[in-house]
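FYI, the numbering just counts along the sequence from 1. The model shown is predicted, which means the values in this text are computed figures rather than measured ones.
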Amino acid sequence: MSVHRKKDGRWYVSYRDENGRQHIKVFGRGPEAKKQAQAFDLEIKALKKAGKLQISSTGVYLDELAQAYINDRKINGCSEKFLKELASFLNNHALPALTHKPVDELSYSDILAFMEKYRTRSIATRNRYMGYLKAIFRWGIKHGYTRKNPLENWKKKKEPRRKVLLTVEDLKKIYQHAAPHLKWAIECEWNLGARPGPSELLSIKWEHVDFDRGVVWIYSSKTRTWRDIPISDHFRQRLLEMKKKAKTPYLIEYNGRPVKKLRRSFQTACRKAGIKYPCRMYDIRHLFASVMLAGGADLAAVSKLLGHSSTQMTADTYYELLKDEKQKAIRLIPPLEVPERPQEEKVIPLKKQEQR
């Protein structure tokens with residue numbers, strides 16, 4: 001965690017002496033400088049382990065706390081992708097700016113000053129950065145490393161809801177222009193509604209398909225839970241056909257290798273299909289849920305299929321669709337007041353001469 005790289009390409013090591021004072025030693029640029037920085041970092045760690053370089057009595061610093069947090073996440077089976085993203089954020093952004101004092105001395109103002117240079121980034125990015133730090137601080141208190149969380153009262157800023165424009169007709173166009181491996185991935189996504197990418201869709205293996213029961217088991221690295229998705233007879237037959245051709249343990253493969261990304265091939269298919277609006281693989285998952293809810297499917301059932309933690313989350317995500325359902329439900333309520341019957345009009349009989 002102590003070896004860093006400056007924006008100008010120079011490698012450096014951030015460490016503290018026996019009195020807790022922070023120091024930075026720069027080694028220059030290039031592979032050789034990186035090796036020297038790593039060797040020096042190992043030397044510092046060895047001294048610290050031998051008790052010759054002690055942590056300041058004023059408390060733990062963010063780099064030490066973050067390393068302990070990452071080690072804990074590894075033991076608890078956190079995804080490698082998440083850990084890499086977290087380590088990149090810490091090494092390239094947070095640690096160079098927030099290791100000037102112990103964590104218990106960091107204030108909310110310190111965090112805001114650090115985040116100031118990211119004010120032009122998207123709301124999602126800023127929320128993610130603050131979320132990383134809050135999780136580390138909260139973990140530190142829980143395990144006795146620290147006593148204070150400078151982000152205790154921070155809450156995520158509401159992100160603008162993204163309008164999903166994908167329709168079933170446009171999805172069919174994309175499917176027709178997709179490469180073979182993408183075509184199969186789209187078919188799986190449309191029938192399973194999984195989170196696209198390695199977190200779910202690209203991690204499904206053939207051993208997760210129960211042909212006898214007619215279900216596919218999906219493990220979510222996000223929620224660390226399994227859920228079973230019933231499959232139609234048609235899709236079950238397609239799975240049997242594709243399994244005979246499979247060269248890997250994974251449902252989605254390309255040239256005998258598991259697929260790790262679909263973004264580029266999906267964008268190519270969208271371009272060939274003439275799709276003019278922004279579209280992602282994730283939009284298929286949204287369409288999967290939207291079609292079911294618009295057709296009157298039970299909210300709780302759709303929520304379970306999507307792997308949401310609660311029906312409230314599903315309701316919030318698909319509010320516009322459910323708004324129509326609410327209106328339909330309200331129309332079923334009969335009025336309490338009884339409408340008045342209109343008075344019958346009196347018929348005036350015609351005189352005999354008029355009848356003639």
**Request:** Taking all non-hydrogen atoms of both residues into account, name the closest pair between Pro150 and Phe137 and its distance.
**Result:** CG-CE1, 3.6 Å
**Request:** Looking only at non-hydrogen atoms, find the nearest pair between Ala185 and Leu201 and report the distance.
**Result:** O-CD2, 4.1 Å
**Asked** What are the two closest heavy atoms between Val60 and Leu65, and how far apart are they?
**Response** CG2-N, 3.9 Å
**Fill in**
Heavy-atom closest pair (Thr99 atom, Asp63 atom, distance to 0.1 Å) is CG2-N, 4.0 Å
**Item:** Nearest heavy-atom neighbours spanning Gln38 and Val3
**Value:** CA-CG2, 4.1 Å
**Request:** Answer with yes or no whether the hydrophobic clustering places Phe288 together with Tyr282; edges join I, L, V, M, F, W, Y residues whose side-chain heavy atoms lie under 4.5 Å apart.
**Result:** no
**Request:** Decide, yes or no, whether a salt bridge links Arg236 with Asp233 under the criterion of side-chain N to carboxylate O below 4.0 Å.
**Result:** no
**Request:** Could you list the residues that satisfy salt bridge (Lys or Arg N to Asp or Glu O under 4.0 Å) with Glu200, not counting sequence neighbours?
**Result:** Arg195, Arg227
**Asked** According to a 4.5 Å side-chain heavy-atom criterion applied to Ile, Leu, Val, Met, Phe, Trp and Tyr, with indirect links allowed, do Leu62 and Phe114 form part of one hydrophobic cluster?
**Response** yes
**Asked** Between atom CG of Leu90 and atom CD of Glu85, what is the distance when rounded to the nearest 0.5 Å?
**Response** 12.0 Å
**Request:** Answer yes when Arg257 and Glu253 have at least one side-chain N-carboxylate O distance shorter than 4.0 Å, and no when they do not.
**Result:** no
**Pair His308, Ser303: side-chain N/O donor-acceptor within cut-off below 3.5 Å** = no
**Item:** Side-chain heavy-atom pair Val209, Met242 within 4.5 angstrom cut-off
**Value:** no
**Message:** With a 4.5 Å cut-off on side-chain heavy-atom distances among I, L, V, M, F, W and Y, is there a chain of contacts connecting Ile252 to Leu240?
**Reply:** yes
**Request:** Go through the side-chain N and O atoms of Tyr61 and His100 and say whether any donor and acceptor fall under 3.5 Å apart.
**Result:** no
**Item:** Ser122 versus Thr125, side-chain donor and acceptor atoms under 3.5 Å
**Value:** yes
**Item:** Closest non-hydrogen atom pair between Leu106 and Lys148, with its separation
**Value:** O-NZ, 2.9 Å
**Message:** Grouping I, L, V, M, F, W and Y whenever their side-chain heavy atoms are under 4.5 Å apart, do Val216 and Tyr250 come out in a common cluster?
**Reply:** no
**Request:** To the nearest 0.5 angstrom, please state how far the CG atom of Asp210 sits from the CD1 atom of Ile229.
**Result:** 13.5 Å
**Item:** Check against ring pair (Phe, Tyr, Trp, His ring centres under 6.0 Å), Tyr219 and His208
**Value:** CA-CA 9 Å; Tyr219 177 75; His208 301 150; 8.6 Å; no
**Request:** Ignoring hydrogens and angles, state whether a donor on the side chain of Asp170 or Tyr277 is under 3.5 Å from an acceptor on the partner side chain.
**Result:** yes
**Request:** Begin with the C-alpha distance, continue with both residues' side-chain angles, and end with the deciding distance and a verdict on side chain to side chain contact (heavy atoms under 4.5 Å, CB included) for Leu133 and Trp154.
**Result:** CA-CA 11 Å; Leu133 291 173; Trp154 173 83; over 6 Å; no
**Request:** Go through the steps to decide whether Trp190 and Phe235 satisfy the test ring pair (Phe, Tyr, Trp, His ring centres under 6.0 Å), and finish with yes or no.
**Result:** CA-CA 10 Å; Trp190 180 238; Phe235 187 55; over 10 Å; no
**Item:** ring-ring contact (aromatic ring centres under 6.0 Å, His included) partners of Trp206, counting only residues at least two apart
**Value:** none
**Message:** Would you say Ile123 ends up clustered with Leu112 if hydrophobic residues are merged whenever their side chains have heavy atoms under 4.5 Å apart, either directly or through other cluster members?
**Reply:** no
**Message:** Under a 4.0 Å threshold between the charged nitrogen and the carboxylate oxygen, would Arg238 count as salt-bridged to Glu187?
**Reply:** yes
**Request:** Determine, stepwise, if the pair Trp11 / His4 fulfils side chain to side chain contact (heavy atoms under 4.5 Å, CB included).
**Result:** CA-CA 6 Å; Trp11 293 94; His4 311 289; over 6 Å; no
